[in-house]
Colleague: 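Before we start, here is the structure in question, set down as structure tokens.
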Protein chains: 2
Amino acid sequence: MRLSSLADYAVVLMSAAARHCGGMRCNARALAEETGLPLPTAQKLVSKLSAAGLIESVRGAGGGFRLSRPPAAITLADIVEAVDGPITITVCSGDHASDCAIEGSCHVRPHWQIVNRTIRAALAGVTLASLGQHIPDPKRPEHPINLKRTVS
Amino acid sequence: MRLSSLADYAVVLMSAAARHCGGMRCNARALAEETGLPLPTAQKLVSKLSAAGLIESVRGAGGGFRLSRPPAAITLADIVEAVDGPITITVCSGDHASDCAIEGSCHVRPHWQIVNRTIRAALAGVTLASLGQHIPDPKRPEHPINLKRTVS
DNA sequence: TGCTAATCGGAGCGATTCAATCCGATTTCT
DNA sequence: AGAAATCGGATTGAATCGCTCCGATTAGCA
């Protein structure tokens with residue numbers, strides 16, 4: 001019950017992109033330094049996000065990328081699905097058919113679908129624009145990323 | 001964004017336990033045949049569920065186990081947490097402190113906590129008793145488990 | 001117009017976690 | 001007291017994930 005580290009990093013990276021390069025282009029290196037992510041990881045994330053259509057990249061010297069949509073139109077669900085693929089907590093919770101080999105009527109699957117839709121709605125309810133609004137957290141105002149390489 | 005296969009199996013196993021051994025004791029072997037799960041897997045699940053206090057096991061010849069609470073008091077969140085541990089979609093989404101090495105104020109963490117609570121509430125809203133109520137699913141009334149060994 | 005430099009894009013390797021299986025400890029019935 | 005059947009933990013193997021490196025592409029400049 002945990003989404004991948006890449007998806008976690010992607011949310012932080014997109015949040016930084018929405019804050020710093022609003023409209024103007026910025027490159028992966030700048031965002032890597034901004035967020036503290038390793039440069040190769042940031043590059044990999046940019047590739048996936050670009051393939052998903054969330055950002056538009058421009059190659060060559062002086063290139064970079066920019067958000068393809070306004071921050072209010074990009075949700076956590078979009079980012080997570082761009083990196084991890086469709087949000088399906090079980091193999092049968094999605095709307096598509098799954099290769100289920102065991103026979104007999106299933107009492108559980110309809111409930112999984114309901115839970116799955118609820119989870120996706122929770123992720124779709126948070127936009128990049130809302131991430132900009134700072135919710136105070138007195139206990140721990142630190143950054144969420146936990147890179148082992150920085151701990152050592 | 002997918003919970004482990006063991007947790008998926010555990011839900012099916014507990015659902016079968018609530019249906020078949022309501023009050024009376026049943027053993028892991030019977031539920032394994034009932035659900036189609038491999039016997040070692042069912043045994044492992046029984047161990048974890050017993051350690052979490054969801055079922056009470058009786059050892060020895062003629063032993064078995066029974067639900068320690070009525071089906072209406074056992075939710076999907078209980079089962080998932082018994083198998084996979086606490087429900088935290090990111091390392092910092094839980095209520096406890098996380099070892100975050102990167103400095104700077106975090107704009108994302110408060111939102112993750114909200115999403116995390118929403119997901120947990122969705123899982124806690126489905127009880128074993130509600131699993132008994134059959135929700136019709138005309139498209140695919142099959143069993144959710146997809147065991148590779150049964151496909152071959 | 002050719003060259004240089006900087007960037008994105010994809011392929012490969014290592015490490016960690018997870019799933020499945022096996023064997024031993026414990027307990028009840030005969 | 002012996003034997004059988006069960007739960008409980010430990011081990012092995014595989015798959016996925018995270019990380020890093022290298023090549024392809026393109027704009028800028030002489």
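Reminder, nothing fancy here: chain letters follow the sequence lines and each chain counts from 1.
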Colleague: Return the residues of residues 39-51 of chain A meeting this criterion: a heavy atom under 4.0 Å from some atom of DNA chain D. Order them by number, or give none.
Modeller: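 Residues of residues 39-51 of chain A that come under 4.0 Å of DNA chain D are, in numerical order, A/P40, A/T41, A/K44.
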Colleague: So how far is it from B/S50 OG to B/F65 CZ, rounded to the nearest 0.5 Å?
Modeller: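 These two atoms lie 9.5 Å from each other.
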Colleague: Output the rounded distance in Å from CE (B/M1) to C1' (D/dC17).
Modeller: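 To the nearest whole Å, that distance equals 17 Å.
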Colleague: Find the distance A/D8:CG to D/dC19:P and express it as a whole number of Å.
Modeller: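 Going from CG in A/D8 over to P in D/dC19 covers 11 Å.
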Colleague: Figure out the CZ/P separation between B/R29 and D/dA4, and round it to whole Å.
Modeller: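 Nearest whole value for this atom pair: 15 Å.
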Colleague: I need the CD1-P distance between B/I55 and D/dT6, as an integer number of Å.
Modeller: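 In whole Å, D/dT6 P and B/I55 CD1 are 15 Å from each other.
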Colleague: Looking at D/dC7, C/dC8, D/dG18, which one has an atom nearest to any side-chain atom of A/A28?
Modeller: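 The listed nucleotide nearest to A/A28's side chain is C/dC8.
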Colleague: Starting at CD1 of A/I55, measure out to CZ of A/R66 and round the result to the nearest 0.5 Å.
Modeller: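 Between atom CD1 of A/I55 and atom CZ of A/R66 there are 11.0 Å.
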Colleague: In whole angstrom, give the distance that lies between atom CG of B/L31 and atom P of D/dT6.
Modeller: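 The distance from CG of B/L31 to P of D/dT6 comes to 12 Å, rounded to the nearest Å.
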Colleague: In chain order, what residues pass the side-chain hydrogen bond (donor to acceptor under 3.5 Å, both in side chains) check against B/N27, with sequence neighbours excluded?
Modeller: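 Partners of B/N27 under the side-chain hydrogen bond (donor to acceptor under 3.5 Å, both in side chains) test: none.
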Colleague: Does a side-chain N or O from B/S57 land closer than 4.0 Å to OP1 or OP2 of D/dC7, or not?
Modeller: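 Checking D/dC7 against B/S57, no side-chain N or O comes under 4.0 Å of OP1 or OP2.
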Colleague: Side chains of B/T90 and A/R2: do they bring a donor and an acceptor to under 3.5 Å?
Modeller: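 The answer is no; no qualifying pair exists.
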Colleague: Which value, rounded to the nearest 0.5 Å, describes the distance between B/E56 atom CD and B/R69 atom CZ?
Modeller: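 Reported value, rounded in 0.5 Å steps: 10.5 Å.
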Colleague: Mind calculating the distance between OH (A/Y9) and C1' (D/dG18) to the nearest angstrom?
Modeller: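 The answer, rounded to whole Å, is 8 Å.
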Colleague: Which distance, rounded to the nearest 0.5 Å, do you find between the CG of B/L37 and the CG of B/L45?
Modeller: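 Here the interatomic distance stands at 7.0 Å.
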Colleague: If you define the side chain from C-beta out and look only at heavy atoms, does anything of B/C26 sit under 4.5 Å from B/L31?
Modeller: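 In contact.
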Colleague: B/N27 has a side chain; which of C/dA20, D/dT6, D/dG18 sits nearest to it?
Modeller: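 Comparing C/dA20, D/dT6, D/dG18 against the side chain of B/N27, the answer is D/dT6.
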Colleague: Can you build the contact string for nucleotides 25-30 of chain C? Use B for base contact, S for sugar-phosphate-only contact, and - for no protein heavy atom under 4.0 Å.
Modeller: BBBB--
Colleague: Side chain to side chain contact (heavy atoms under 4.5 Å, CB included) between A/L128 and A/L76: does it pass, once the steps are laid out?
Modeller: CA-CA 7 Å; A/L128 276 186; A/L76 292 186; 5.6 Å; no
Colleague: A/F65 has an atom CZ; how far is it from atom P of C/dC8, in whole Å?
Modeller: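 It is 7 Å, rounded to the nearest whole Å.
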Colleague: With a 4.5 Å heavy-atom cut-off, do A/L54 and A/L67 have their side chains touching?
Modeller: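 They are not in contact (no side-chain heavy atoms under 4.5 Å apart), so the answer is no.
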